[in-house]
J.: 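Right, I'll just put the structure down here and ask away after.
All values below were derived from every heavy atom in this structure, side-chain atoms included, with hydrogens, water molecules and symmetry-related copies excluded. As the structure lists them, so they are numbered: ligands from 1, and atoms in each ligand from 1. All of these numbers come straight from a predicted model, not from anything done at the bench.
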Amino acid sequence: MIIKQIWTGNAYRNFNYLIACPETGEAMAIDPLDHEKCLDAAKARGWQITQVLNTHEHFDHIGGNEKVIAATGAKLLAHANAGDAIPGMDRGLKAGDWVKVGNTVELEVLDTPGHTMSHVCLLSHTETPALFCGDTLFNAGAGNCHHGGHPEELYGTFAGQLAQLADNTRIYPGHDYLVNNLEFTLNREPDNEQARDLLGDVRDQDPNAALISTLAMEKEINTFFRLHSPTVIARLREAFPDLPEQPDPGMVFLKLRELRNSW
Ligand SMILES: [Zn+2]
Ligand SMILES: [Zn+2]
């Protein structure tokens, strides 16, 4: 499996992806908003885009579909319940389905509600697993729930699915929000040395060669995985004095998500 991360350079800081089979040159484009960059990247490598996959229905993820499909004849895949919101869907996906690209690439479909209620993530079962997580999980952060999502469902996805993946899973999110998210982590957990060190390393990074984190790293630097941290809980109590002595992790997650909304 060959993964090409494409930095759009737009105001929303989207990442698009091409996933290719090295044997056949067939490729799938994930959320190819910047259709020109995606088509050019495929052409430069001799790849044929045969599928377009949308992680969810927001415009900054589906906005390039038409142009890519017009140029390639690719089939359009998305969550089975996203059909009303995503024009021209050819295949509706549900949890446990597999998406194949060429001879060698197989990706498991995860049904990951929260950011929206019809959001999928894709997981490769390769030696080093790869997770394409749209706007559910970001580097050092979590998706918001402002446009069709629910924080309780997002917590369920984090705790029940994402946190259970292998520690060496590489994380490929739909946006580059790493610096801003690390600053939020440090606002919530000022003694998080790993987040502080990483922020120093990536503050001026070129998004064309962005850091690819792992789940193990996220568990250290992403406040939405640090629900048992005494510092996180103590700082949360400053904002929410009624917080119980030992808040359950779901409550911590929801309060963090609430603070992040206005941070
Ligand atoms: Zn979104
Ligand atoms: Zn987005």
J.: Students often mix this up, so state it plainly: with edges at 30° and 60°, are the rings of Tyr177 and His175 parallel, tilted or perpendicular?
T.: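 Plane angle under 30°, so parallel.
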J.: Assess, by modelled atom type and distance only, whether the side chains of His115 and His56 contain a donor and an acceptor separated by less than 3.5 Å.
T.: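 His56 and His115 do have a side-chain donor-acceptor pair below 3.5 Å.
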J.: In His115, what N, O or S atom is nearest to the Zn ion (ligand 1), if we give its atom name?
T.: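 Sorting the N, O and S atoms of His115 by distance to the Zn ion (ligand 1) puts NE2 first.
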J.: On a heavy-atom basis, which atom in Glu57 and which in Ile62 lie closest, and how many Å separate them?
T.: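 So the two residues come closest at O-CD1, 3.7 Å.
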J.: May I ask you to check whether Phe158 and Phe225 place their ring centers less than 6.0 Å from one another?
T.: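 Centroid separation for Phe158 and Phe225: below 6.0 Å.
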J.: Taking all non-hydrogen atoms of both residues, which atom of Pro247 and which atom of Arg237 are closest, and how far apart?
T.: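 What the structure gives for the nearest pair is CD-NH2, 4.3 Å.
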J.: Taking the Zn ion (ligand 2) as the center, what protein N, O or S atoms are found at less than 2.8 Å?
T.: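 N, O, S partners closer than 2.8 Å: Asp60 OD2, His61 NE2, Asp135 OD2, His175 NE2.
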J.: May I ask you to say whether Arg196 pairs ionically with Glu183, meaning some side-chain N is under 4.0 Å from a carboxylate O?
T.: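 Looking at Glu183 together with Arg196, the answer is no, because their closest N to O distance does not fall below 4.0 Å.
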